[in-house]
Chemist: 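Please find one structure pasted underneath; my questions will follow.
Here is how names work: the chains are called A, B, and so on, in the same order as the sequence lines, proteins then strands, and each is numbered from 1. All of these numbers come straight from a predicted model, not from anything done at the bench.
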Amino acid sequence: GAVVSQHPSWVICKSGTSVKIECRSLDFQATTMFWYRQFPKQSLMLMATSNEGSKATYEQGVEKDKFLINHASLTLSTLTVTSAHPEDSSFYICSAPKTERDRASYEQYFGPGTRLTVT
Amino acid sequence: AQTVTQSQPEMSVQEAETVTLSCTYDTSESDYYLFWYKQPPSRQMILVIRQEAYKQQNATENRFSVNFQKAAKSFSLKISDSQLGDAAMYFCAYQGGSEKLVFGKGTKLTVNP
C-alpha cells in the first residue's frame, strides 16, 4: 500500500516558539492532504485541507494564522504551529487520499503522527 | 453536515469470540464511502474495512465484516475469532464528495485472554 511519512515523530518546544511538521507521500502524488488533531482519548478532528499550489482550507474554529499550512509540492505538506502554547500540545496526524483510475479503490493513507509537547 | 455516531465508548470480548461494534451516520448524500479504522497504542491509523455506499453487498476482510444498512444509515463492524492483537480503538468514518473524513468518537475494544 501507499506510504505517508511524518517528521518529526515527537517534538518538544518552548511556549512562544514555532514548530514545523512535515507530511510526505512517499510513493504517490497527493494534490490534497488533510491535517487532523487528536487529543488524548479523543477522536480525530479535521483541522484543514491542504491543496497543492493553492491556499489551505481551514475548518471552522481553526485559526489559520496560528496553524500555517503550505503544500509546496505534490508530495509534501507542512503544518507550522506559530507561537505555540501548552494548549497546542496534541497529536497531529496527516492523511492523503489516493484514488485508483477507475475509482473502484479509494483509500486515505495516514501518516504515523507527530506528538507535540509545548512547555 | 454529516455526523457519525458510535454509541459504545468501550467494548470487551473474550479471545476467539465474536464482537460487534456499532456505528450510525447521518447524511443527505447518495454516494459516499464508509470506513472502519483501527488505532492501536502506536496511534498509527490502520484501515480495517471499507464499504462503498452504492454496493449492496456487505464488505468482508478475513475475520472482519460489516453490516451495512443504507436505509437505516447503520454500519456495524463484526470481528470474528477475536485475537489479542485486535485490542485497539476503532473509529467509524464517513467520506462523501468532499473527500473529508468525518470520524465517530471511537470505541475502545479490549480482548480478554
Chemist: Return the minimal non-hydrogen interatomic distance between B/Ser80 and B/Thr18, and the atom names on each side.
Modeler: CA-OG1, 3.7 Å

Chemist: Is a side-chain donor or acceptor of B/Gln95 paired with a backbone partner of B/Leu34 at a separation under 3.5 angstrom?
Modeler: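 It does not hold such a pair.
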
Chemist: Chain A heavy atoms under 4.5 Å from B/Phe91: which part of the residue, side chain, backbone, both or neither?
Modeler: side chain

Chemist: Verify side chain to side chain contact (heavy atoms under 4.5 Å, CB included) between B/Phe64 and B/Trp36, making sure each step is shown before the conclusion.
Modeler: CA-CA 10 Å; B/Phe64 300 88; B/Trp36 278 98; over 6 Å; no

Chemist: Check whether B/Gln39 gets within reach of chain A through its side chain, its backbone, both or neither, counting any heavy atom under 4.5 Å.
Modeler: side chain

Chemist: Got a salt bridge between A/Glu22 and A/Arg24, using NZ or NE/NH1/NH2 to carboxylate O under 4.0 Å?
Modeler: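 Yes, this pair counts.
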
Chemist: Heavy-atom distance under 4.5 Å between the side chains of A/Tyr92 and A/Cys94, does that happen here?
Modeler: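 A side-chain contact under 4.5 Å is absent here.
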
Chemist: May I ask you to check if B/Arg50 and B/Tyr33 form a cation-pi contact, with NZ or CZ under 6.0 angstrom from the six-membered ring centre and within 45° of the axis?
Modeler: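 The answer is no, since B/Arg50 fails at least one limit relative to B/Tyr33.
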
Chemist: Quick check: under 4.5 Å, non-hydrogen atoms only, which of residues 47-66 of chain A neighbour chain B?
Modeler: A/Thr49, A/Glu59

Chemist: Answer yes or no: does atom NZ of B/Lys108 have more than 12 heavy-atom neighbours from other residues, nucleotides or ligands under 6.0 Å?
Modeler: no

Chemist: Given heavy-atom pairs under 4.5 angstrom as the criterion, report whether the side chain, backbone, both or neither of A/Leu44 touches chain B.
Modeler: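 Both parts, backbone and side chain.
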
Chemist: What part of B/Leu101 lies closer than 4.5 angstrom to a heavy atom of chain A: side chain, backbone, both or neither?
Modeler: both

Chemist: Distance alone, cut at 3.5 Å: any donor-acceptor contact between the side chains of A/Trp35 and A/Ser95?
Modeler: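 No, no side-chain donor-acceptor contact under 3.5 Å.
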
Chemist: Considering only heavy atoms and a distance below 4.5 Å, find which of B/Lys105, B/Gln44, B/Arg43 pairs most often with chain A.
Modeler: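 Heavy-atom pair counts peak at B/Arg43.
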
